[in-house]
Amino acid sequence: MSQVQRITVLGATGSIGLSTLDVIARHPERYQVFALTGYSRLDELLALCLRHRPAYAVVPDARSASRLRDGLAAAGCDCEVLEGEAGLCQVACASEVDAVMAAIVGAAGLRPTLAAVRAGKKVLLANKEALVMSGALFMQAVRDSGAVLLPIDSEHNAIFQCLPGDYSRGLAQVGVRRILLTASGGPFRETSAGALRDVTPEQACAHPNWSMGRKISVDSASMMNKGLELIEACWLFDAAPSIVEVVVHPQSVIHSLVDYVDGSVLAQLGNPDMRTPIANALAWPQRIDSGVAPLDLFAIARLDFQAPDEQRFPCLRLARAAAEAGNSAPAVLNAANEVAVEAFLQGRIRFPEIASMIEQVLEQEPVVALASLEAVFAADQRAREHAQAWLRRHGR
Ligand code: NAD
Ligand code: MG
């Protein structure tokens with residue numbers, strides 16, 4: 001690895017992408033931006049290119065590419081513009097790249113993230129949907145290529161920090177009894193089941209502790225985010241679903257815990273700011289300044305814990321069942337959820353119907369083995385078609 005690390009940021013215009021660029025900009029002697037990618041916010045992408053001077057920028061299509069090229073030329077910025085999924089994969093596996101931040105949201109991130117893994121890069125994984133969809137294939141690709149996979153999700157980054165360096169020998173071998181995944185409970189933690197029928201997308205996206213993209217905000221409100229994270233934890237740490245417990249912790253100060261057989265419980269604490277896990281993964285195994293304020297325990301004063309309520313938040317139960325069924329079930333769960341969240345954001349279904357739709361799709365879809373990436377995308381596609389059919393029957 002060269003002295004200065006060259007970084008590709010997939011999903012640079014999003015919440016995680018911007019936090020990543022904030023950390024990178026604090027350490028110009030360590031990091032250089034190699035490529036930035038964006039999807040819809042072209043003006044923001046242009047401004048990021050002018051500020052961080054990447055060698056490449058990637059946009060979805062020819063029209064966006066020509067607009068971005070015009071903007072770059074007018075500002076005298078020498079940056080090559082690529083298009084589409086092929087462009088994303090190219091900047092994810094280019095030989096000049098040392099590390100890839102995988103921060104595209106949803107299934108759209110799977111191919112480029114996997115391209116980075118297969119090229120043996122250091123991969124900073126925020127795009128949990130990619131791992132949920134293709135878990136076994138993804139982890140096999142990590143082993144085959146020798147890629148270094150580092151979790152960005154704050155919970156998984158916390159667990160990673162609380163595990164010993166040789167945990168890949170097996171969690172039981174290193175004395176782990178349980179993984180305790182903390183959840184804030186989201187904006188509707190105290191909302192009654194009846195009132196959940198009338199909550200709006202704006203309320204769902206107003207998270208009490210974290211500022212995030214809209215899709216993950218809705219996932220946090222439905223607790224599907226924790227369900228996806230349960231599946232993510234099983235793959236990242238080779239854990240059985242039965243040893244992963246969800247603990248509602250409204251303050252979001254403890255980011256997760258590891259319970260050992262001798263009774264020790266290790267936790268990682270910090271302010272709820274994604275720049276901490278991002279800096280941790282970027283510099284690992286070293287530590288660098290992230291710009292996050294020191295934790296003020298006196299101001300926090302107390303930490304609360306509750307059991308999750310799977311009656312009001314059935315997505316958690318559905319995700320646990322999918323984790324246990326394995327094979328195609330998590331990919332089906334994820335695809336149905338992506339369709340449901342989009343429909344909720346568009347006002348086509350009510351909040352509790354997110355879980356109803358996913359449950360119906362899971363019941364209809366057979367659980368099949370996923371031996372190839374094509375099989376993963378086929379399961380994803382079938383689940384989306386089922387979800388769309390459900391929407392035509394029940395949506396507005
Ligand atoms: P966001 O919506 O703010 O940003 C998403 C990024 O993906 C944007 O750059 C967008 O341009 C790009 N994108 C969207 N659709 C695309 C497509 N079809 N093709 C290519 N690019 C596309 O989302 P976010 O909150 O930054 O989350 C990104 C990922 O990180 C998600 O998987 C999320 O679950 C995960 N994550 C986010 C947080 C957080 O605090 N925001 C925390 C943990 C994990
Ligand atoms: Mg998380």
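One-based numbering, in listed order, for ligands and for the atoms of each. Quick caveat, the model's predicted, so the values are computed rather than measured. All residue numbers refer to positions in the sequence shown, counting from 1.
A donor-acceptor contact closer than 3.5 angstrom is absent between the side chains of S154 and N157. A donor-acceptor contact closer than 3.5 angstrom is absent between the side chains of R384 and Q381. In this structure, a donor-acceptor pair under 3.5 Å is present between the side chains of H156 and E232. No side-chain donor from either of Q311 and D309 sits under 3.5 Å from a side-chain acceptor of the other.
Listed by number with element, the atoms of ligand 1 under 4.0 angstrom from any heavy atom of A108 are 17 (C), 18 (N), 19 (N). Per-residue contacts place A12 under 4.0 angstrom from the following atoms of ligand 1 (heavy atoms of the residue considered): 9 (O). Atoms of ligand 1 found under 4.0 Å from any heavy atom of A126 (numbered from 1 in listed order, with element): 30 (O), 32 (O), 35 (C), 36 (N), 44 (C). Each of the atoms 32 (O) of ligand 1 lies under 4.0 Å from some heavy atom of N127. Under a 4.0 Å criterion applied to the non-hydrogen atoms of E129, ligand 1 contributes the atoms 31 (C), 32 (O), 34 (O).
Closest to atom 25 (O) of ligand 1 among all protein heavy atoms lies G213 N, 2.9 Å. Here the protein heavy atom with the shortest distance to atom 42 (C) of ligand 1 is M274 CE, 3.6 Å. Protein heavy atom at the shortest distance from atom 4 (O) of ligand 1 is G14 CA, 3.1 Å. Here the protein heavy atom with the shortest distance to atom 29 (C) of ligand 1 is I104 O, 3.9 Å. The protein heavy-atom contact nearest to atom 3 (O) of ligand 1 is S15 N, 2.9 Å. Residue, atom and distance of the protein heavy atom nearest to atom 19 (N) of ligand 1 are Y39 CD1, 3.3 Å. In terms of protein heavy-atom proximity, atom 28 (C) of ligand 1 is nearest to A103 O, 3.4 Å. Among protein heavy atoms, atom 26 (O) of ligand 1 sits closest to I16 N, 2.9 Å.
The closest approach between a heavy atom of G17 and any atom of ligand 1 is not below 4.0 Å. For the pair K128 and ligand 1, a heavy-atom separation below 4.0 Å is found.
Taking the Mg ion (ligand 2) as reference, E229 places its N/O/S atom OE2 nearest. Considering just the N/O/S atoms of D153, the one nearest the Mg ion (ligand 2) carries the name OD1. The nearest N/O/S atom of E155 to the Mg ion (ligand 2) is OE1.
Between K128 and N225, the closest side-chain pair of non-hydrogen atoms falls below 4.5 Å. Between E353 and F344 the shortest side-chain heavy-atom distance does not fall below 4.5 Å.
With hydrogens and angles ignored, the 3.5 Å screen pairs a side-chain donor or acceptor of K121 with a backbone N or O of A94. Side-chain atoms of E310 never come within 3.5 Å of backbone atoms of L316 as a donor-acceptor pair (strictly under, hydrogens ignored).
L88 and V59 end up in different hydrophobic clusters when Ile, Leu, Val, Met, Phe, Trp and Tyr side chains are linked at under 4.5 Å.
Rounded to the nearest 0.5 Å, atoms CD1 (I159) and CG (L266) are 12.0 Å apart.
Classified by interplanar angle (parallel below 30°, tilted 30° to 60°, perpendicular above 60°), the ring pair H249/F305 is parallel.
Electrostatic pairing of R53 and D78 does not count as a salt bridge here, judged by no charged N lying under 4.0 Å from a carboxylate O.
Nearest-heavy-atom check against atom 14 (C) of ligand 1 across V105, I216, D153, T13 picks out V105.
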